[in-house]
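Predicted model only: the values in this text are computed from it and were never measured.
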Amino acid sequence: MKPLSSQIADLQRELENLEEMRREADDKWRAVDVEYVKLKRLREELYAHKRDLAYEIEWRARELAALQEAIRNARATA
């Protein structure tokens, strides 16, 4: 059996290692949390851009349809 002082030293090293692992996990957690916030903001920006593009496409399609109708009417009356 190991002497008590050796067992205490082993446990202290294990404790220090575990505390270091916990600090590393906390650091990684914070980094992931920051990335999550960035990605969430980017998602919102992309959604707004997609919505704007859909509106622009719809508006252009209506404009094109109106112009095509005007051309058909002009030909019909010519």
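In this structure, Glu35 CD and Lys40 NZ are separated by 14.5 Å, a value rounded to the nearest 0.5 Å. The line from CH2 of Trp59 to CG of Leu64 is 11.0 Å long, rounded to the nearest 0.5 Å. Between atom CG of residue Leu15 and atom CZ of residue Arg22 there is a gap of 9.0 Å, rounded to the nearest 0.5 Å. A distance of 11.0 Å separates CD1 in Ile57 from CG in Asp52, rounded to the nearest 0.5 Å. The CD atom of Glu56 lies 10.5 Å from the NE2 atom of His49; values are rounded to the nearest 0.5 Å. How far CD of Glu63 is from CZ of Arg60: 6.0 Å, rounded to the nearest 0.5 Å.
Arg41 is linked by a salt bridge (Lys or Arg N to Asp or Glu O under 4.0 Å) to nothing, counting only residues two or more places apart in sequence or in another chain. Remark: Glu44 engages no residue in a salt bridge (Lys or Arg N to Asp or Glu O under 4.0 Å) (not counting sequence neighbours).
Cluster partners of Met1 are absent, since no Ile, Leu, Val, Met, Phe, Trp or Tyr has side-chain heavy atoms less than 4.5 Å from it.
With salt bridges taken as basic N to acidic carboxylate O contacts below 4.0 Å, none links Glu24 and Lys28. Here Asp33 does not pair with Arg30 in a salt bridge; the nearest charged N to carboxylate O distance is not below 4.0 Å.
Checked by atom type and distance alone, the side chain of Ser6 never pairs as donor or acceptor with a backbone atom of Pro3 at under 3.5 Å.
At a threshold of 4.5 Å between non-hydrogen side-chain atoms, the residues Arg75 and Arg72 do not count as touching.
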